[in-house]
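Worksheet: one structure, shown below.
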Amino acid sequence: MMFSTVLVVLLYVVVGSEAMHAKSSTSPTLSYWHLNLPTTPIPDALRELISPLSYEKTSELLDAIREGKKVSMGEPDPTSKFGRKGGPDSLVIKASNRNYGSSADDADIIADPFLSTFYFLEKDLHTGTKLTLYSTLLKRSSPDSRVFFLPRRLAEAIPFSSDKLSVALEKLDISQGSDTALAMNQTLKRCEGPANSWERKYCATSLESMIDYATSTLGTSSLNVLETNVPCKLESQKYTITAIPFQSKSGSKPVVCHSETYAYAVYYCHESQHITTARVSLKGEDGSSGEGVAVCHMDTSGWNPQHLAFKVLNVKPGGAPVCHFVPNGEVLWLPAH
Ligand SMILES: *[C@@H]1O[C@H](CO)[C@@H](O)[C@H](O)[C@H]1NC(C)=O
C-alpha cells in the first residue's frame, strides 16, 4: 500500500527553487561533491540538476526497482525536453562541436546566422573584441523542462545499455517507441560507439560518477569546473570581451562534459587534447554581463576540410586556431592552478 502511492515520482515537475535548495543542502549528491571536491564551487548548470529526492525516498525507489516494480519518472513533453538546451539548434552545436569529421553545407550556413557566428579566431580572443552570441548558445534550461540527475544508487539499479533498453524503459515506465525512448536509444548508441582515436570518453549517469571520472582522469581533486553563464534576454546581440581573468596553458587536457537527451540527466564526458581554455568576462549591448568559457582548438589538422569552422573563418585544416564558447549547460573540468 505504501509503495503504490510513493512510486510515482514526478522528477520533471517544477521544483520551486527554494524547495530545491532546502533539500539539496542535505542531498547525498551534494555531500559527495563537497567531500570529493572540497575547494571546488559547484557550477549552476550542475547544481540545478541535483535530484530533489531525499535519501529515504531514494531507498524506497530502490527497493521498488529491486522488487520489479515500475518507477515513473514522468514522461515529459518531448518538445520542451528536447529543447531544453535552447531549441533544436543545440543539436547542431553539439554535432559541429564534437564531430570534427563532419562537413558543412553552404546552404545551412547561410540559412542559420547562428552557425556563422559560432566559431571565431584565436587572434580575436582579447579585451575589446565584440562578438555576436545567440541565445541558443547562452540560454539555461527552464525549470519546467529540467531533467534531473538520479542519485547514483538509483542510476546504478537501472540498466544503461542498448541491449537492455527495453528493461530500462519498463522500469522507468516509458513506452517503447515514444520520443523519449527513441532519444534514449540514440544516446546509448553514442555512449557505446567508438571514441575518437585521441580521446577517452565516458557517459556519466549520475553526478557522482561524473565527479569520479573527472578526478581520476585529471589525477587530482583540486579542480575548477567552468561553465558559460551569461544572462540572455534577446535572441542575439553583440557582447564585448571586457576581461580575460583566466587562460590555460597549451597542453592542458580538460575533461569536457556535454548533456545528452535521456530520461534522467546523462552527460557524455571526454578528454580534450590540443585545446586552450579561457574564462572571458562578457558585457552585452543591453548592459547584461556574465562569464563565457572559450576553448580554442590549436591543432585542426585532422578535421574535415569542409568543416563549418573552416568555411566561416576562411582558414585551413592545421592553420590558425579555431575557438568557440562552450554552450550553456556543458561543463569543462580543469586542474586548479
Ligand atoms: C533501438 O534502435 C534500433 C535501431 O537503430 C532498434 O533496432 C531497436 O529496437 C531500438 N531499441 C528499442 C528498445 O527501441
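We count ligands from 1, going down the list as the structure has it; atoms in each ligand are counted the same way.
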Between the protein and ligand 1, which nitrogen or oxygen pairs come in under 3.5 Å, and how far apart is each?
{"unit_1": "ligand 1", "atom_1": "2 (O)", "unit_2": "N185", "atom_2": "OD1", "d": "3.4"}
{"unit_1": "ligand 1", "atom_1": "2 (O)", "unit_2": "N185", "atom_2": "ND2", "d": "2.3"}
{"unit_1": "ligand 1", "atom_1": "2 (O)", "unit_2": "K189", "atom_2": "NZ", "d": "3.3"}
{"unit_1": "ligand 1", "atom_1": "5 (O)", "unit_2": "K189", "atom_2": "NZ", "d": "2.9"}
{"unit_1": "ligand 1", "atom_1": "11 (N)", "unit_2": "N185", "atom_2": "ND2", "d": "3.0"}

* To do: Quick one: which residue pairs count as a ring pair (Phe, Tyr, Trp, His ring centres under 6.0 Å) with a foot in residues 152-186, not counting sequence neighbours?
  => F160-Y262
* Asked: For the hydrophobic clusters of this structure (ILVMFWY residues joined by side-chain heavy atoms under 4.5 Å, transitively), does one cluster hold both M298 and V255?
  -> no
* How far apart are the C-alpha atoms of M210 and L207, what are their side-chain angles, what is the distance that settles it, and do they pass the side chain to side chain contact (heavy atoms under 4.5 Å, CB included) test? -> CA-CA 5 Å; M210 197 197 298; L207 185 53; 4.2 Å; yes
* To do: Assess the cysteine pair C269 / C203: is their SG-SG separation shorter than 2.5 Å?
  => no
* Could you verify whether a donor N or O on one side chain and an acceptor N or O on the other, from N328 and E227, lie under 3.5 Å apart? => no
* Strictly by modelled atom types, are S281 and E291 linked by a side-chain donor-acceptor pair under 3.5 Å? -> no
